[in-house]
Amino acid sequence: MTIALVDGNNFYVSCERVFNPRLEGRPVVVLSNNDGMAVARSAEVKALGVKMGTPWFKMKDLARRHGIVALSSNYALYADMSNRMMAVLRQFSPDQEIYSIDECFLNLDGFANRDLVRYGQAMRRRVKDWLGLPVCVGIAETKTLAKLANHCAKKALAGTDSVCDFARLSDAERSRVFSTIDVNEIWGVGRRLSEQLIARGITSVEDLRRADAKTLRREFSVVLERTVMELNGIACLELEEAVANKQQIISSRSFGSYVHDLEALGEAVASYIAIAAEKLRSQGSHAGMVQVFIRTNPHRANSPQYQGGLTIPLAEASDDTLMLTRAALWGLKRIYRPGFAYQKAGVAFLDLRAAGTPQIDMFSTARDNTRLMAAMDRINGIWGRGTLRSAAEGSGKKWQMKRESKSPAYTTQWSELPRVG
């Protein structure tokens, strides 16, 4: 098996730079919901020692000294650019697994007659020329090694730059490179596991590769055993061309300012239901239960604290936004308590079932809104989410999360298209 892992470089920042070239070469961070912390950093910001997840208020002095540009997250832009990038990369292999918003695996079996480093460079050029996004490519015989090869490509290890093919390295060269990479850089080895491995003297990728897989299985898990096998070129993880449907769908946000009244909470909950219901329909599922929850700020010790949640079973599993909204608002009224400053609300769809196999309630008087939902999704897909929405979502939305420095929706809103001249 030969697999390539293609990964966008500093993806959120790169998406912003495509439409604002003045950001090129400047230190840029993209902030999380409510402009809270760094979720993406340009290379210039990383060089200043800013870690992922650093709160923005702790960076402000550094930002003033070094001219760091802070942008609010623009998820609509990033998702659309991701879809375009994946479509371009799909041209290089008939088998693609989209792993995350900025990563995908490509099956390169049958490409033995090609120079795979040149092929990887061709991928990079096309994504850069067509979309303006920089990517790196790692190529190897297993998914775990392909992820590691991508790391080497990004860090210019193993004498590579932007494209790394482990097939070009001898076993001695692999050992030398792997000995320089910390064990926590391995796909699937998190902080807690890496601490346990380090305590056993396994500090590098090479240490883990040479460890006894059966012993590690007994002491840790079968997952770690498979990781060791994958590091040794034995494929244990198949390419997943079809993404499995989610078993639950959650939509929640922290508010831009505290919410006190039931009406504003209801608008937020209705908006989150609309988002989740669209995802529900897109994967062809119905929800058998709706959960709604609200809470105050647990870090605000001087304020009264409260959190409440309720799960509402549905008589008929549904993907109808209007029906799901009614159920969620019914639940919200039962968990709401006046006198609290609410910081967050959310909804979840549980007991998901395939659409088309409903258990009908013989006493149901609910309308069939299938065509209405299809029309809503189609219009919102063209003109942007929220163009058509239920009245329960309201219009003012003062509770919306804070995004004071968000760039325009360059690719998904006609009114925000870039203008020349």
Side-chain angles (χ1 to χ4, degrees), residues 5-24 28-33 35 39-42 69-93 96-106 123-136 241-243 245-246 249-251 253 271-272 274-284 373-389 400-401 403-420:
L5 187 279
V6 188
D7 183 13
N9 299 346
N10 310 319
F11 186 71
Y12 290 178
V13 172
S14 295
C15 290
E16 298 285 356
R17 284 174 167 172
V18 168
F19 297 96
N20 187 354
R22 288 175 293 184
L23 297 176
E24 289 287 349
V28 179
V29 293
V30 174
L31 303 175
S32 63
N33 292 346
D35 296 343
V39 293
R41 304 155 295 155
S42 68
V69 178
L71 299 172
S72 303
S73 49
N74 187 343
Y75 297 122
L77 173 66
Y78 311 148
D80 187 66
M81 292 297 284
S82 171
N83 292 336
R84 294 169 189 238
M85 185 177 85
M86 299 308 169
V88 171
L89 292 171
R90 202 171 295 126
Q91 300 170 9
F92 289 89
S93 171
Q96 179 189 52
E97 176 189 338
I98 298 174
Y99 178 66
S100 69
I101 192 170
D102 61 345
E103 294 177 278
C104 74
F105 291 101
L106 299 175
M123 296 179 199
R124 295 188 66 249
R125 283 194 301 273
R126 189 171 300 179
V127 174
K128 183 67 174 176
D129 291 346
W130 290 17
L131 300 177
L133 297 172
V135 300
C136 284
E241 297 176 50
V243 179
N245 283 346
K246 296 180 180 178
I249 295 175
I250 300 173
S251 180
R253 299 284 189 279
S271 296
Y272 303 157
I275 294 170
E278 184 180 319
K279 294 178 182 178
L280 188 70
R281 290 190 292 273
S282 71
Q283 74 169 38
M373 294 299 106
M376 181 182 293
D377 290 343
R378 189 164 55 249
I379 291 170
N380 288 341
I382 296 172
W383 298 103
R385 176 175 284 157
T387 302
L388 281 184
R389 60 183 185 270
Q400 280 189 320
M401 65 181 178
R403 291 196 287 180
E404 295 179 346
S405 302
K406 188 179 82 67
S407 55
Y410 294 111
T411 64
T412 54
Q413 291 282 1
W414 287 106
S415 61
E416 298 184 25
L417 285 174
R419 298 182 181 181
V420 178

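- Heavy atoms only, all atoms of each residue included: Val39 and Ser32 are closest at CG1-CB, 3.5 Å.
- Between Ser282 and Lys279, the closest heavy-atom pair is OG-O, 2.7 Å.
- Ser14 places a side-chain N or O within 3.5 Å of a backbone atom of Asn9 that can act as its donor or acceptor partner.
- At a cut-off of 3.5 Å, with distance as the only test, a side-chain donor of Asn74 or Ser407 sits close to an acceptor on the other residue.
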If you apply the rule side-chain contact (heavy atoms from CB on, under 4.5 Å), what do you find for Arg84 with Trp130, and how did you get there?
CA-CA 9 Å; Arg84 294 169 189 238; Trp130 290 17; over 6 Å; no
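- With rounding to the nearest 0.5 Å, the separation of CD1 in Ile249 from CD1 in Ile275 is 12.0 Å.
- Judged purely by distance below 3.5 Å, without hydrogens or angles, the side chains of Gln96 and Ser93 never pair a donor atom with an acceptor atom.
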Run the side chain to side chain donor-acceptor pair (under 3.5 Å) test on Thr411 and Asp80 for me, step by step, so that the C-alpha distance in whole Å, both residues' side-chain angles and the decisive distance to 0.1 Å come before the verdict.
CA-CA 7 Å; Thr411 64; Asp80 187 66; 2.7 Å; yes
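- Considering only heavy atoms from C-beta on, Leu77 comes within 4.5 Å of Phe19 through its side chain.
- Proximity of Arg17 to Val28: side-chain heavy atoms (C-beta onward) are separated by under 4.5 Å at one or more points.
- Tyr78 and Cys15 make their closest contact through CD2-CB, 3.8 Å (heavy atoms, listed as atom of the first residue, atom of the second, distance).
- Remark: Ser82 OG to Ile98 CD1 distance equals 6.5 Å, nearest 0.5 Å.
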Residue pair Val127, Leu89: steps toward the side-chain contact (heavy atoms from CB on, under 4.5 Å) verdict
CA-CA 8 Å; Val127 174; Leu89 292 171; 3.8 Å; yes
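- Within the 4.5 Å cutoff, no side-chain heavy atoms of Val6 are placed close to those of Phe105.
- From Met81, atom CE reaches atom CG of Leu133 across 4.0 Å, with rounding to the nearest 0.5 Å.
- Atoms CZ and CG, from Arg378 and Leu388 in turn, are 10.5 Å apart once rounded to the nearest 0.5 Å.
- Under a 3.5 Å cut-off, the side chain of Asp7 and the backbone N or O of Glu103 do not form any donor-acceptor pair.
- The side-chain heavy atoms of Arg389 and Met376, taken from C-beta on, include no pair separated by under 4.5 Å.
- Separating the CG atom in Leu71 from the CG atom in Leu31 is a distance of 7.5 Å, to the nearest 0.5 Å.
- What you find for Cys104 and Met86 is that their closest heavy atoms are CB-SD, 3.6 Å.
- Put simply, CG on Asn10 and OG on Ser42 are 6.5 Å apart, with the number rounded to the nearest 0.5 Å.
- At least one side-chain heavy atom of Val135 sits less than 4.5 Å from a side-chain heavy atom of Met85.
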